[in-house]
Amino acid sequence: MVTENHSAGRLPSILALLFVTLHVSAFVAVTVLQFRHVRELEQNLSVRRADIADLVNTCGTARHGQHSLHLFKRSLDELARKNATFDVTWKLVNSRQTTSVSSLMSSVLQAQEQQLIQKCSGDVKICLSGDIGDPGTKGDKGFPGAKGDTGAPGIAGIQGPAGLKGTNGISGTAGTKGHKGLKGTNGPHGLKGEAGTRGSKGLLGPIGATGSPGAKGGIGETGENGMKGPKGSPGLKGKSGADGVHGLSGMKGDTGDQGPHGLPAVYTGPVCGCIEAPYISTSQESIPGTIGGSLSLTCLSDGSPPSAVTWYKINDPGCKVNGTSGNILTISNLEPSDIGQYMCVASNSHGNASKSVDVTTTDSLQVLECSFESQTICHWTQSRDNKINMTINYGSAGTSATGPSVDHTLVTATGKYLYLGSSPTLVDQTSRIESMTVPANQDQCFTAWYKLDDRNSGSLQIYKKSCDGSPEQMLLSKAGNHGQGWHEVSVSIPADPAMGVKLIIQAKSGNNIQGYIALDDLHLTNGLCAFPPPVIAGSPNVTLTTPIASQQVLTCNASGNPDPTITWSKPTSCQTLIATGNSHTLNPITFGDGGKYTCTATNGAGNTTRDFILKINGNLNCDLDHRDMCGWASDTSNAADTWQFHSGNTASSNTGPSNDHTKGTSNGLYLYLEASGKAPNATVVLMSPTLPALNDVCLKFWYNMNGLEIGGLNVYTKDCQGVKSNIISYVGDKGDIWQQSCSKILPLSYEYNLYIEGVVGTGFRGDIAIDDIKLSAGSCGCSSSTSGSVNASCDFETDLCGWTQDTIPADDFDWTLNSGPTASVDTGPSGDHTTGTGQYVYIEASSPNSSGDVAHLVSPALNAGQSYCLDYWYHMFGANVGTITVYTQAMRTKTRLRTLDLQYGNRGDHWVHNRVDVTMETLPFNVVISGAVGTDYSSDLALDDIKLSPGAC
């Protein structure tokens with residue numbers, strides 16, 4: 001019993017020892033397996049370190065590495081939760097409490113980073129998730145007892161073959177041939193090899209204890225199943241062992257270091273992997289297109305993250321394309337400005353790539369050319385905003401009242417043109433056609449032919465439009481009725497490479513149903529338009545004759561490109577004329593309105609002029625009887641005295657007239673110079689209204705120079721430039737008679753005034769009077785006057801000029817003004833000498849005149865001490881003609897001084913020329929031409945074209 005009790009007492013001790021022994025053996029076995037696993041990892045890591053070291057600087061930084069360590073740990077934790085086999089190994093690794101295990105994990109983490117880097121090319125970076133780095137990994141709570149802190153995540157190894165199955169070979173790594181697994185009990189698996197040839201079949205190991213899961217290697221070929229080991233016999237059920245002593249709690253793992261700040265995020269897509277610069281497979285491409293057709297350009301690129309593609313046009317104009325996004329650029333209506341080189345640029349955060357595409361065409365680029373003969377508007381288009389479109393037409397638009405009858409291209413009734421008409425339903429309508437956009441790398445000229453016949457408000461405009469969307473620019477505008485025929489219009493288009501050129505032609509119908517607008521032959525050429533100077537319709541030199549007090553409109557219809565401006569000037573005036581427009585109206589016409597007018601049409605190409613010479617026709621008569629000087633005025637610029645109104649005798653005796661000339665009575669008025677109280681040679685001056693340049697002007701007036709102390713009477717002109725010219729002068733006593741002065745003023749270059757100047761003589765008996773002043777523009781009966789001499793020339797077309805009829809009893813009857821034949825047959829002329837149809841003077845030989853009766857024609861007073869030449873034409877035709885006698889007589893006493901010439905006898909039915917020298921006399925005198933009647937009625941005598949001039953014949 002004692003022995004039994006002793007044996008029974010020893011049994012628990014033996015069992016306890018056996019439990020301890022088994023526990024220690026198991027721990028040792030596990031430790032050995034773990035050590036082998038670690039050694040294998042260390043060996044493989046040392047092999048890879050050399051390769052990994054070469055990639056350390058390829059992509060990523062130290063910050064990348066630290067960040068990747070944290071990511072790796074998380075990935076291993078996640079793998080351990082999903083994979084039971086890896087979980088065992090991962091727990092074993094984490095249970096290591098040695099510095100060598102920590103170093104091992106660091107190496108494993110570095111290996112994971114290098115594996116990521118191995119996937120990246122030289123221009124690829126590891127993707128980061130943000131600016132702020134993740135906090136350091138907090139160590140996991142240690143396992144009770146021997147369990148160590150949770151290590152940092154390692155690379156998820158490829159699952160090896162099942163450890164417990166001895167027959168399964170170790171899976172070979174991808175790449176080069178993997179190492180064989182250890183023979184015998186399942187040992188730790190080798191590191192993952194690079195993808196390569198299939199690993200050889202592992203040897204069948206004996207059934208042993210279940211090995212720890214090996215680190216995950218690369219996916220290799222599946223090994224063959226090992227042989228199934230024999231089933232072991234069931235062991236005896238042991239007694240329950242005593243409770244083991246609780247192991248000491250493992251030490252809490254240290255808090256991981258604070259992770260560094262992450263790099264800025266470069267890609268935040270759903271997959272965080274490597275970022276790759278864009279790549280385009282082709283760098284250059286050429287695509288042909290058709291003008292007006294559609295064309296698509298493609299730009300497909302690789303890269304991570306996906307690239308943004310932007311299009312640009314290399315050569316101008318590029319404003320239609322530049323900045324367009326997308327892999328495909330579609331050009332829906334290919335225009336000449338679209339031809340050229342394009343570039344697409346693919347960009348992401350790591351770089352960019354580009355590709356050039358040349359768009360070409362074999363079509364003509366002259367897309368603005370159009371004659372409309374093809375019954376299309378060529379490459380032009382009707383505006384989308386049109387309420388009515390222009391139409392292609394030929395002939396006269398269905399009615400003879402509107403539309404051109406022929407086109408411009410062919411000049412036929414079947415030729416085509418573009419047309420916009422007016423109708424009761426189409427008034428004030430606007431229609432546009434638009435061109436394609438064409439390059440504008442150099443200056444260009446656009447021309448078109450148009451007809452604009454709108455009786456009211458129709459118009460035609462040409463606009464330029466740039467492709468950048470800026471407002472349209474008007475280049476030209478035409479309006480109104482431009483009359484018959486086609487008209488050319490041209491507009492210069494300066495170079496604008498960046499924008500190109502798009503033209504818009506706008507036609508607007510008016511409110512007259514017969515109006516229309518037509519276009520033809522559109523054309524674009526290189527270089528600015530060579531515009532000719534403006535064209536003015538009509539003759540460049542025009543002479544117009546206009547009556548006094550009427551209206552005259554001067555017209556200057558000018559055309560040109562660009563439209564000219566028209567200005568008016570009056571070169572013959574010293575006053576500046578300020579007038580513009582295509583007409584200049586003068587109303588009412590005065591003497592001063594005569595002269596030269598010039599219209600000047602000016603544009604950028606030059607200027608053109610048209611001259612108008614305006615002749616004034618009319619008279620300005622002034623009898624002074626109403627104390628009205630009719631525009632004449634006293635000129636006091638150089639003399640204070642003026643001409644005075646008076647009637648009857650002057651205050652001084654033996655001087656001045658007894659009556660006026662107009663009425664011949666003491667009630668009529670005249671102007672006179674009062675000589676009393678004035679110094680010799682003092683003057684009084686009467687100035688005319690402004691008289692026209694380039695006009696014939698006659699001045700007629702009557703004067704009285706009666707008195708022994710008479711000074712002189714001068715007539716002269718002074719133009720607006722201050723140039724003075726003497727016309728005629730009278731000096732000395734002329735007797736108590738009114739004599740006529742007649743002066744023809746030859747055309748002057750500038751406007752001027754006439755001056756009648758009275759000069760005071762040596763005493764009070766020097767009063768001079770004037771009356772009945774007459775200015776005539778146009779034809780007059782005076783010949784040109786000679787300064788310092790009497791004006792005694794006359795063609796009798798209007799009157800006797802300065803010649804006068806004598807009075808009874810000095811003669812018996814008067815000379816008669818006549819035209820055509822005289823009343824008697826076979827005597828007298830059939831027409832005058834001057835023109836054949838004008839006037840002459842003659843004596844009528846028929847009753848009541850009788851044989852021997854005389855008629856005297858008396859010249860104006862002539863100055864003493866001067867010789868003259870009398871030049872005249874006479875007519876002496878008839879069977880019994882009388883005589884023509886020329887003699888001189890004293891002016892005051894009318895005493896006959898000497899006979900100068902005598903003509904008698906029948907000279908036939910024609911005019912005879914005669915010249916007579918008038919010798920000097922010692923006192924003022926007259927020349928008298930006396931005609932005497934013959935023995936019967938057939939003795940009519942006639943005179944014409946008398947000229948009395950100073951000097952010998």
- Message: Would K718 and Y755 count as a cation-pi pair here, with the cationic atom under 6.0 angstrom from the ring centre and within 45° of the axis?
- Response: yes

- Look at the side chain of N926 and the backbone N and O of V928, then say whether any donor-acceptor pair between them is shorter than 3.5 Å. no

- Item | salt bridge (charged side-chain N to carboxylate O under 4.0 Å, His left out) partners of residues 650-667, not counting sequence neighbours, each pair once | none

- Side-chain donor-acceptor pair present, S666, N659, cut-off under 3.5 Å: no

- Query: So, the side chain of D736 versus the backbone of P657: is there a donor-acceptor pair under 3.5 Å, distance only?
  - Reply: no

- Message: For L857 versus W815, what's the shortest heavy-atom pair and its separation?
- Response: N-NE1, 3.5 Å

- Among pairs that include at least one residue of residues 589-599, which meet salt bridge (charged side-chain N to carboxylate O under 4.0 Å, His left out), considering only residues two or more places apart or in two chains? K596-D611

- Item | Pairing residues for R765 by the salt bridge (Lys or Arg N to Asp or Glu O under 4.0 Å) criterion, not counting sequence neighbours | E709

- What pairs of residues pass the side chain to side chain donor-acceptor pair (under 3.5 Å) test when at least one of them lies in residues 538-549, not counting sequence neighbours? T546-Q552

- Item | Listed partners of D733 passing side chain to side chain donor-acceptor pair (under 3.5 Å), at least two apart | R892

- Query: What pairs meet the salt bridge (charged side-chain N to carboxylate O under 4.0 Å, His left out) rule with one or both residues in residues 894-904, with sequence neighbours excluded?
  - Reply: D806-K894, R898-E921

- Hey, are T835 and T837 close enough side-chain-wise for a donor-acceptor pair under 3.5 Å? yes

- Does the salt bridge (Lys or Arg N to Asp or Glu O under 4.0 Å) test come out yes or no for K700 and D772, once each step is laid out? CA-CA 8 Å; K700 295 181 181 180; D772 293 328; over 6 Å; no

- Query: Mind checking whether W568 and F612 have ring centres under 6.0 Å apart?
  - Reply: yes

- Item | Donor + acceptor pair across side chains of Y840, N818 (<3.5 Å) | yes

- Output all residues satisfying side chain to side chain donor-acceptor pair (under 3.5 Å) with Q644, sequence neighbours left out; order by chain, then residue number. T642

- Student check: side-chain heavy atoms of T899 and V886 closer than 4.5 Å: no

- Counting N and O atoms only, with roles assigned by atom type, does the side chain of R610 sit under 3.5 Å from a partner on the main chain of T555, one being a donor and the other an acceptor? yes

- Message: I'd like to check D944 versus W911 (side-chain heavy atoms, cut-off strictly below 4.5 Å). Are they in contact?
- Response: yes

- S637: what forms a side chain to side chain donor-acceptor pair (under 3.5 Å) with it, not counting sequence neighbours? D635

- CG of L671 to CG of D771, rounded to nearest 0.5 Å, is 7.5 Å

- Contact check, side chains of L577 and H584, non-hydrogen atoms, under 4.5 Å: yes

- For G838 against E797, the heavy-atom pair lying closest together: CA-OE1, 3.4 Å

- Note on the structure: Residues passing the side chain to side chain donor-acceptor pair (under 3.5 Å) test with S573, sequence neighbours excluded, are E751

- Query: Looking only at heavy atoms, which two atoms of L748 and A693 are closest? And how far apart?
  - Reply: O-CB, 3.2 Å

- Looking only at atom types and distance, does a side-chain atom of K570 sit under 3.5 Å from a main-chain N or O of G594, one as donor and one as acceptor? yes

- Message: Keeping T655 on the side-chain end and N706 on the backbone end, is there a donor-acceptor pair under 3.5 Å?
- Response: yes

- Considering all heavy atoms, the nearest L694-S749 contact: CD2-CA, 4.5 Å

- Contacts of V684 meeting side chain to side chain contact (heavy atoms under 4.5 Å, CB included) (sequence neighbours excluded), chain-then-number -> D641, W643, L673

- Message: Taking S850's backbone N and O only, do any of them form a donor-acceptor pair with D853's side chain (distance below 3.5 Å, no angle check)?
- Response: yes

- Would you indicate whether the side-chain heavy atoms of S725 and Y716 approach each other to under 4.5 Å? no

- Closest approach of G732 and M705, non-hydrogen atoms and distance? O-CE, 3.6 Å

- Item | Contact check, side chains of N654 and L708, non-hydrogen atoms, under 4.5 Å | no

- Task: Please check if the side chain of D945 supplies one atom and the backbone of D832 the other of a donor-acceptor pair under 3.5 Å.
- Result: no

- Message: Quick check on F645: does its CZ atom have over 12 non-hydrogen neighbours (other residues, nucleotides or ligands) under 6.0 Å away?
- Response: yes

- Give a yes or no answer on whether the side chain of T827 reaches the backbone of D940 with a donor-acceptor pair at less than 3.5 Å. yes

- Just say parallel, tilted or perpendicular for the rings of W702 and H661, cut-offs at 30° and 60°. parallel

- Item | Mutual orientation of the aromatic rings belonging to F701 and Y703 [parallel < 30°, tilted 30-60°, perpendicular > 60°] | tilted

- Short side-chain donor-acceptor distance under 3.5 Å, T834 and D795: no

- Message: Does H626, at its NE2 atom, have more than 12 non-hydrogen atoms belonging to other residues, nucleotides or ligands within less than 6.0 Å?
- Response: no

- Message: Quick check on Y750: does its OH atom have over 12 non-hydrogen neighbours (other residues, nucleotides or ligands) under 6.0 Å away?
- Response: no

- Item | Heavy-atom pair of closest approach, residues P588 and A549 | CB-O, 3.8 Å

- Message: So, using side chain to side chain contact (heavy atoms under 4.5 Å, CB included) as the criterion, who are the partners of N714 when residues are at least two apart?
- Response: S729, E757, V759

- Side-chain H-bond candidate by donor/acceptor type, Y872 with R915, under 3.5 Å: no

Please list, one pair per line, the donor and acceptor atoms closer than 3.5 Å that link side chains of residues 875-884 to other protein atoms, with sequence neighbours excluded.
| residue | atom | partner | partner atom | Å |
| --- | --- | --- | --- | --- |
| H875 | NE2 | D909 | OD1 | 2.9 |
| H875 | NE2 | H910 | N | 3.3 |
| N880 | OD1 | T935 | OG1 | 3.4 |
| N880 | ND2 | D936 | OD1 | 3.2 |
| N880 | ND2 | D936 | OD2 | 2.6 |

- Could you tell me the separation between the OH atom of Y752 and the SG atom of C574, rounded to the nearest 0.5 Å? 14.0 Å

- Query: Within a strict 4.5 Å, meaning less than it, do heavy atoms of the T798 and F796 side chains meet?
  - Reply: no

- Query: Counting only N and O atoms by type, is there a donor-acceptor contact under 3.5 Å from the side chain of E674 to the main-chain atoms of S676?
  - Reply: yes

- Task: Look only at the side chain of S859 and the backbone of V927, and say whether a donor-acceptor pair between them is shorter than 3.5 Å.
- Result: yes

